[in-house]
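Mind having a look at this structure? Questions to follow.
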Amino acid sequence: MKALITGGAGFIGSHLSEALLARGDEVFVLDDLSTGSIENIEHLKPNPGFHYTIDNVMNEPVAAELVDRADVVFHLAAAVGVRLIVESPVSTIETNVHGTEMILKLANKKKKRVVVASTSEVYGKSVAVPFREDSDLVLGPTSKGRWSYACSKAIDEFLALAYAKEKRLPVIVVRLFNTVGPRQTGRYGMVIPNFVKQALLGHPITVFGDGTQTRSFTYVSDVVTAILLLAGNSEAVGSVFNVGNDGEEVAILDLARRVKQRTNSRSEIALIPYNQAYEEGFEDMQRRVPDISRLRALIGFEPKVSLDEILDNVIAFFTSDQGRL
Ligand code: UDP
């Protein structure tokens with residue numbers, strides 16, 4: 001099978017490329033290297049089944065040719081990471097909305113199957129945990145930049161589902177919950193790579209707010225497994241799926257302690273007020289836990305990698321040559 005991965009030089013995209021190549025598929029990556037990096041796919045270049053194009057998904061002739069060639073499209077290209085969203089709101093909204101518009105429009109010409117990557121961020125500040133796919137989305141005001149991310153991805157979902165319903169395009173939406181693993185950079189705010197780097201360098205481990213907010217982390221290989229099983233299942237078409245790990249909800253302050261302990265670090269743990277960490281009036285979500293019963297029921301998914309294993313793998317990555325602190 002021929003797969004197009006937009007955002008294929010990103011953290012998750014590069015792992016997905018690897019998995020597809022490993023099972024003998026041909027992979028075409030389209031990535032503008034805005035947040036992805038060529039280093040993420042360097043090791044894949046010698047594989048004869050691997051092809052890449054450095055360009056933006058909004059470049060229609062380029063995207064059109066690649067979509068045309070593919071049997072299935074994994075649309076992962078997006079602006080992600082809270083720091084990036086707060087600092088570059090215009091490109092976040094434009095990339096997330098127009099990029100998805102473009103891919104869906106092109107895929108629709110020959111009804112190519114598309115997996116659209118969305119995010120648990122769409123649940124916003126809902127307190128109805130665990131989040132189910134049919135739960136309400138609770139977003140803050142438009143004056144707070146953070147919510148533009150959730151809103152832009154929610155528009156992607158509406159559009160994907162509209163194409164599925166109105167035009168019979170075979171679309172699957174996956175809402176990814178805090179995904180972690182090697183090659184994820186801390187540059188755009190993600191907490192685990194940041195904590196691990198800080199701990200290894202002996203810098204203060206920066207916990208934002210009071211650290212009582214919780215998250216549930218999923219290892220990238222579990223996410224890739226779920227995405228591939230969904231993509232291959234016709235019953236998944238037209239639906240939204242939470243992809244996450246419901247096994248271990250952790251408070252961010254406890255996470256900092258665990259990273260410190262597992263790295264044998266002497267770093268202090270520093271509590272940083274949100275308005276210093278991001279911007280004045282920044283709103284965080286207090287808890288984020290997925291309900292993955294829909295995923296379990298359809299594909300029998302069970303997350304395999306525990307939080308401690310996730311941390312050890314990320315620590316190993318940052319202490320390897322590839323991680324380069
Ligand atoms: N966070 C933190 N220190 C950091 C980066 C993030 O305490 O250096 C917190 C952040 O405020 C949030 C949680 O860790 O409560 C997860 O942040 P991340 O940006 O990884 O993902 P989010 O769940 O916010 O999308």
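Just so you know, these numbers come straight off a predicted model, no measurement behind them. When a ligand or atom number is given, it counts from 1 through the structure's own listing order. One is the number of the first residue; the rest follow in order along the sequence. Below, each value reflects all heavy atoms present in this structure, side chains not excepted, and no hydrogens, waters or symmetry copies.
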Taking atom 9 (C) of ligand 1 as the reference point, the nearest protein heavy atom with its distance: Gln213 NE2, 4.0 Å

Close N or O approach (Phe195, ligand 1; < 3.5 Å):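 For ligand 1, there is no N or O atom that lies under 3.5 Å from one belonging to Phe195.
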
Considering all heavy atoms, the nearest Gln286-Arg215 contact: O-NH1, 4.2 Å

Exam field: side chain Thr119 to backbone Glu121, donor-acceptor pair closer than 3.5 Å: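 At least one qualifying donor-acceptor pair exists.
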
Element-labelled atoms of ligand 1 that are located less than 4.0 Å from some non-hydrogen atom of Glu121: 25 (O)

For Asn178, the ligand 1 atoms whose distance to one of its heavy atoms is below 4.0 Å: 21 (O), 22 (P), 23 (O)

Distance-only donor-acceptor check, side chains Asn40 and Ser14, under 3.5 Å: no

Shortest protein contact, atom 20 (O) of ligand 1 (heavy atom only): Val191 N, 2.8 Å

Any donor-acceptor N or O pair under 3.5 Å, side chains Ser306, Asp308: no

Ligand 1-proximal atoms of Arg215, by part, heavy-atom distance under 4.0 Å: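 Side chain only.
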
For Thr206, the ligand 1 atoms whose distance to one of its heavy atoms is below 4.0 Å: 2 (C), 3 (N), 4 (C), 7 (O), 8 (O)

Location of contacts on Ile252 toward ligand 1, heavy atoms closer than 4.0 Å: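 Near ligand 1, Ile252 shows its side chain, while the N, CA, C and O stay back.
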
Residues Ser118 and Glu157: side-chain donor-acceptor under 3.5 angstrom: yes

Nitrogen or oxygen of Val207 less than 3.5 angstrom from that of ligand 1: no

Hydrophobic cluster membership, Phe50 vs Val224, 4.5 Å side-chain cutoff: yes

Sub-4.0 Å heavy-atom approach of Arg146 to ligand 1: yes

Check: Ser216 main-chain N/O paired with Asn245 side-chain donor or acceptor under 3.5 Å: no

Nearest neighbour in protein (non-hydrogen) for atom 15 (O) of ligand 1: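 Sorting protein heavy atoms by distance from atom 15 (O) of ligand 1 puts Asp284 OD2, 2.6 Å first.
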
Under 3.5 Å side-chain donor-acceptor pair for Asp284 and Tyr274: yes

Identity and separation of the nearest protein heavy atom to atom 7 (O) of ligand 1: Phe208 N, 2.7 Å

Nearest-contact summary for atom 5 (C) of ligand 1 - protein heavy atom, Å: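 Of every protein heavy atom, Gly189 O, 3.2 Å lies nearest to atom 5 (C) of ligand 1.
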
Distance-only N or O hit between ligand 1 and Gln198, under 3.5 Å: no

For ligand 1, the portion of Tyr278 having any non-hydrogen atom under 4.0 Å away: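 For Tyr278, only side-chain atoms sit under 4.0 Å from ligand 1.
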
Linked, directly or transitively: Trp147 and Leu84 (ILVMFWY side chains, under 4.5 Å):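 Cluster IDs for Trp147 and Leu84 differ.
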
Ligand 1 contact by Arg288, heavy-atom criterion under 4.0 angstrom: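 It does; at least one heavy atom falls under 4.0 Å.
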
Between Phe208 and Tyr278, ring centroids under 6.0 Å: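 Under 6.0 Å, so yes.
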
Main-chain N/O of Val240 paired with Arg294 side-chain donor or acceptor, under 3.5 Å: yes

Residue Tyr274 vicinity, atoms of ligand 1 by number, heavy atom under 4.0 Å: 11 (O)

